[in-house]
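Note sheet for the following structure.
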Amino acid sequence: MQTATEQELVTITVNDQEVRVPKGEMIVESVKRIGLDVPIFCYHPRMKPVGMCRMCLVDVGMKQKDGSVRVMPKPQTACTLPATEGLAIYTDTEQIRKDRKGILEFLLVNHPLDCPVCDRGGECPLQNLTLIYGPSTTRFVEEKRHLLKAFPLSKYVQLDLERCIQCGRCVRFTEEISGDGQLAFLFRGALMQPQTYELTDFTSRFSGNTIEVCPVGALTSAEYRFRARPWDLETSPAICTECSNGCSTWFDHRVGEMIRINGRTNEAVNEEWTCDKGKFGHNYLNSPKRLTTPLVRDGESLREAGWAEAYERILAVFKGGGGAVAGLSGGRPSNESLFLWKRLFTERFESPNLDHRWHVHLPGAGETVAGRHGIREVNTPIAAFEGMPAIFFFGGDPAAEQPILYLRVRKAWFRNEAKVIVAAPEPTEADNFAYCVLRYRPGSEAALLGGLTRLLLEKAGGVAGADELRQAVARFTPEETEVVTGVASGALRRAAEAMAEGFATAASRTLYNLPNGADVVTALTNLAISAKSADRFNLFATEANEQGALEIGVLPGAGGLDTRGILEGCRDGGVRALWLLQCDPFERFPNRELARQALENVEFLLVQDIIETESFHHASVVLPCCAFSEDDGSYTNMERRVQRVRRVVAPKGHAKPSWKVFSELELRMTGETPPFSAKEVMGMLGSAAPQYQVSAYDHLEGEGVILPAEGGAAEPRLALPDYDAMEGSRELV
Amino acid sequence: MPETRLLLKHSGDPEYRAIAGYMAEGGYVGLKKALTMERQAVIDEVKKSGLRGRGGAGFPTWMKWNSVPKEKTKPHYVLCNADEGEPGTFKDKELMENTPHLMIEGMIIGGYAIQAEVGYVYIRAEFMDCARAIKMAIDEAYENGFLGKNILGSGWDHDIYVHMGAGSYECGEENAMMRSLMGERGMPGLKFPHAPFPTIEGLWNLPTLINNVESFACVPHIVVNGGDWYAMIGASTKNSRGTKIFSVSGHVNKPGNYEIEFGMPLMELLELAGGMKGGELKACVPGGSSVPMINKEQCEKAIIGYEELVEVGTMVGSGGCIFLNEHTCIVTFIWRTTLFYARESCGKCTPCREGSGRLVAALARLRSGDDAQKTAALRDIDELVTVMRSASLCGLGQMAVSPATSALQDFRQAVGAPKGANT
Amino acid sequence: MIKEIWSDVVKPILAGLAVTARRLKRDKSTVFYPEEQREQYPRTRWRHVLTRYENGLEKCIGCSLCAGACPARCIYVESAENTDEERYSPGERYAKRYEINMLRCIFCGLCEEACPTGAIVLRKDFELADYHRDDFIYTREMLLEKMPVKSDR
C-alpha cells in the first residue's frame, strides 16, 4: 500500500527460494510474490499489523555469513515481520503445520458451529482455513462459551458475540480507517468482546465495512440477514450512484432482485471501502413503488399505456416546441442518456431550455470557476489526496458529502501526516484529526476567505494581478476577521501557515446554495490562486453524474432558461411543456412553493424516473427508466473519472434505458438510423465532446479513465468578489 | 550463610521512609556522585557491577541503558515497572513501602544516565500504600531539589510521575505497560524482531528505559560503592552478581522477604525461612509461579543464580519462591495457578486467550476424572502446551504453561494415577 | 395338404398354448397397479418430504445447503427469521419459501446428504405424473409432512 516510488530491495529466501522484496515489507505480503499464501485472520493489508490471531506463523531464520541458516527457536508471525536482508522463511514445516492446526482448534473451541444458519457461511475465512489447515474433529469436551447472539449494534449491523474470534479487525477499522473509534474491546481473556461504548448505537458512517472485514459471521448485516446464501447469489461488478464518489461495488443479486452491495477494490477511488449510504441505501431498487410501464393521463388519473402511445403524446407537444419546452435533469442519468437527451432537446426540439443544476445560485457561462478564473473546477483525483501535504476542507461536513474522499484525506493524515484544515460552520467528523479547525459564523464565509487570502498574499506574494485583490482584502486583518467570523486570529494564522506551501482545496458545489454562494466560490478560488494552488483547486459535484452533466453540457443554451427560469416559465405560462429526467423539483429545488406552482401550472409534464416521486402525481405522461444496475452505460464521478456500468439485472416490467427512449424518439422524428447500443452512443459522445474520446468502452475496464484536460492550461485569473456580502451575519457582529 | 541485607537493610524502620532518615543513612549520595560523573561513566559502573534485571528475564541492566541513543534528538523516558503481580512475589511491595527513596534515587540516576527528562512509576492498582509512599517520597525529593528543574545545579531537569494501573496482571509485561500508560488497552505490542526494542522506540515511539523496582533500587549502592564492589557480592556464581530478594512463601515456618547473595544453595534459603512446615519438602517454584517447578532432588542440588538455576531446569524469575510440602496435591496447585493465568490473559492472541482456558479445563479433568479421562487429559495437555508455548505473542501465554509442563514432567507418574494415591 | 396344415399351423399353436397353460400354474410377476403396489427397496429415492420434529416444528432451517448441493439446480430456498410469536423451526432461521422443480430433479439424493438437520428426505412415493408443467413446482406446503397426531389428547 506504500506509494513510495523508490524502495530499497532486499533478498530473502522463502522455502529456500530466493525473492527480492522491498525492505520492510511484511513477510505475509512477500510470500505472495512467489505464489504462496500464509493463512491469516487478523491481518488486513490496509491496517496496521497486530499479530493477534497467530495464524500466520512461519519459521524464521537468518542467513549466516557462511551460508548456513540459523533458525529462531520459535515461529514468528509473518504479518508483523518486516523483510530484512538475509531473512529465511519457511512456511510449511512440521511445527508450523502443527501450530496452525492448534490455533484453529483453539479458535473453534468457542466458535459455535452454526454455519448452516450463519450469514457468513459459504464465504467465511474461518470455514475455508479450517478446511485447509484445521483439524477434522475436536478433542475438547467442555461446553462452549455462551454470549449474546444477533445483538443489534445499529440499524444495519448485528453482532453475534459467540462467533467472534477476537481478531480486532472491526475495532482497528474504526480506529485506523474510519477514525470514529466507535468499537473497542471490552473485558479480557476469553471474554474479550468488541462493543460500542456502553452499548450505544454504532453510528459510524462506515459501519458496513466492519461486516466485510469480519473474518467470521460475528458482525453481520441486518439488511442481508437470512436473505440468501452466498451460493444462491450472482455477483456482478457495479458502480455506486448514491453520491459523486463513484465507488466500485459488487452487486449481489438473486432472481433479478438486488440482495446486497459490497465494496469492490478500486485503488483509484474507494480502495475497498463503501459508506453506509452506498452499502445499505439501494433498497429502492426493489421498492414496490418502482415504475414499470409508461403511464398517460386520462382526465384525473394515470393509466397504463404502451410506449408507442406515450411517444405520440410526447412528440405532439415537444416536437418543434422551441423555447416553449424545457427539460430538467438530475445528476443520476448516465453519460449516454444525458448526451442523447441534450441532443434531442437542442437539435430535434430546438429548445435551449435545459439544466441539471438545482442550487440557489446558477452561474452563467462567464460566472463559473472556469469562466471567471480560467481554471477547471476539478483538478485532483481522489487518490492524489493521499500525497497532499495540506488539504483545505471548506464549507460542509466532508464525511457526509464525500465519504470516500473523506477516508482518503484521513488516510493522508494517518499515514503521511497531512495537515488538514477544516473550515465549517458546524462540527464535522474531520475535526478530530484536523490540524486546525476554523469554526466560522454561518454567513461569514467570504470574510473568512478574505482573511486567509490576505495572510497568504503576504506570504506568497508575486501572484499576477494581485494588487486589486490585496486592496479588497486589506481590511481583513486576522483581528478584524476574528470579529466578523468568530474564528480566533491565532487559528487563522496557524491555518495560513500550513497552507502557505500550497494546499489542495476540497469543497463541493453545495456552496452555491449559500445566500452569497457565487461570491464565496470566487473568494475560495482566489484563495487557491493566491497560494499558487490553482492546480489543486476542487469544487466537487455531489451527485453521481453531476460532473458528467456539466462536461456534456446539460446547461442552458444561448438565450435559454436555467432551472429557476424554467420553473418560473412553467408557472407563468412561458414554458408549456416540461420534461423531468430522474429528478423531483419538490425534493431538489430550494424554493418548494415555486416548484409546486410550476408543476401545477405547466400544461404538459413528462416525468421520467425509476420510482414514484412527488412530481409523479402532476405528470401528463410517465416513462419508467432503468436503474444503474439495469442498463449499460457510464458515469463521470466527481474527479472526472468515467466508469462503466453494465446491465446486471433485467429492467423492471416494461422499463427501457433512457438513452434508448431518446433514440427511439429521434427515429420517429428524423428516420435516421438510431444508435443500437450504449457503446455506440459513447462513440457519438466522443465526437461531440472530445474529452470523452478516451472513454470509449474498450478503455473502461478496471479503474476507469480520468477525462483529459480541455485545451492548454490558461493562466489562472483572480476576480473580485464582494467580500462583505454576508447576509444575516452583520447583525451578529 | 546468613542474609545479606543491602536493599532491605533499613526495611521496617519508619525513620528511613522519610527523606531525612534516608539521607542520614547515606541517601542521595549516589545521585550527588552520579551527577558529577559523565553519563557514560555511570553506565560503565553499572556494567562493571554485573547487575541484571530483577524483574524476571535477567537481562543485563547496563545493556539496556547503553542501547538508548546517546545523541539526544527527542525526549527520552524512564519507566519503572512496579506492577508486581506474579503470584508468590511481594518484594517490590516491601521495597516501595519501606525504602521508597532508594528506588526513586535509582530512577533519577537512570534518568541522568540516559538523558531522560521524565520518569514514570507504573504501580499496580492494588498497591495503594506503595503509591502513597512513592508519591510522598517524590514530593520530598522535589522539596530537596533532587527532582525538578536544574537538579543540584547540574543543569539537568527531571520529573517523576506516578501512574496507577487498573488491575491487570498483563500490564507487568513492558509492552503492555507502555500501552496502558499511553492510555490504550493494556495489551502487549510487537516485540523484536517485529519492532525495535523499547530503548529505541518505547513510550510514544520515543526511547524508553524500563527497569524493575529492585533493579533501580540496586543502582544507588552501585554508584556509591562502585561497580567492582558490587560485583564481588555473589562472585561464586557464573554470571550473577549482587543480592536478590526472594519472597519465600508456601509451607515454610517464616514466610517473608529474604535478601541473599547469589550463590546460596536453595536449601539454605529454606532454612532461613524457618524450614518446612507440616511435612517434608515435595516441590519448589523458586521464581514466581510462572517459572518451572522443581522436585526435591533438584532443590537439593540447586544453587541460586541465573545460570545455576537454569541448570536444574528452572529460573530465578522475579524471586517468588514457593515451597510445597508432601501433602500438597500438585495437580490442584497447577490447576489453581493456571486458572490465574487464564483469568489474567489479556485476550489479544489466540493461543493464550483460548488455550489457557482449555488448559484449566483439561487440568480440571485431570483432577477429578477417572483413569481414561486422565489419560486423555494428559494427552490433550501435551499437545495444547506445545502450541501455546510456540505461538503465544507475549510471555504470559508462553509462561502460563510452565507450571503444567514442568510439574507434569516430574509428577506424571503421580498425577496419572487415580486420585488419592498422589496426595 | 391337410396334413401340412396340421403339422405347420395347428400343432405349433397348440404347443404354444400348452406352454401358456403350463405357466398358468406359476406365480405372477406382475401386479394389478394401481390397485396393488409392489414393495420397494429400502434405499429407493422418490418424492421429497420436509420432515418435522415430534413436537411439530419443522426440521428445515432454510440454510439452502440442499440448493447448493443440487446438481440440477432445481431447489429454491428463501429463509426468514423465527419470532417467538411465529415459530416454524427451532433456532433462528426457517424456510419461508421452499420449492423443488420436479421436472428438473434427477432424484440423486444429494440434497438429503447435504442437509445438516435431516429435514429433506427422499421417500418412496413415486406417482408424480401431472397434467400441467406449473404443477411440478412443489412448494413448501406440498413438501411438508403432516403435523404429527398428538396421541395424549
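Side chains included, hydrogens not; waters and symmetry mates left out as well; all remaining heavy atoms used. We name chains A, B, ... by the order of the sequence lines, and we start the count at 1 in each one.
- Of all residues in residues 149-159 of chain A, those placing a non-hydrogen atom less than 4.5 angstrom from a non-hydrogen atom of chain C are A:K149, A:A150.
- Heavy-atom pairs under 4.5 Å with chain A were tallied for C:R73, C:E78, C:E81; the largest tally goes to C:E81.
- Taking a 6.0 Å sphere around CZ of C:F32, one finds it holds 12 or fewer heavy atoms contributed by other residues, nucleotides or ligands.
- Counting non-hydrogen atoms of other residues, nucleotides and ligands closer than 6.0 Å to CD of A:E123 gives a total above 12.
- Heavy atoms of other residues, nucleotides or ligands lying less than 6.0 angstrom from CD of C:E36 number more than 12.
- The stretch residues 199-221 of chain A places none of its residues near chain C, where near means some heavy atom under 4.5 Å from a heavy atom of that chain.
- For a heavy-atom cut-off of 4.5 Å, chain C lies close to A:R225, A:F226, A:A228, A:R229, A:W231, A:D232 in residues 223-236 of chain A.
- Annotation for A:K277: atom NZ counts as buried by contact number, over 12 foreign heavy atoms lying within 6.0 Å.
- Residues of residues 88-117 of chain C that come within less than 4.5 angstrom of chain A, heavy atom to heavy atom, are C:E92, C:R93, C:P116 in numerical order.
- Annotation for C:F126: atom CZ counts as buried by contact number, over 12 foreign heavy atoms lying within 6.0 Å.
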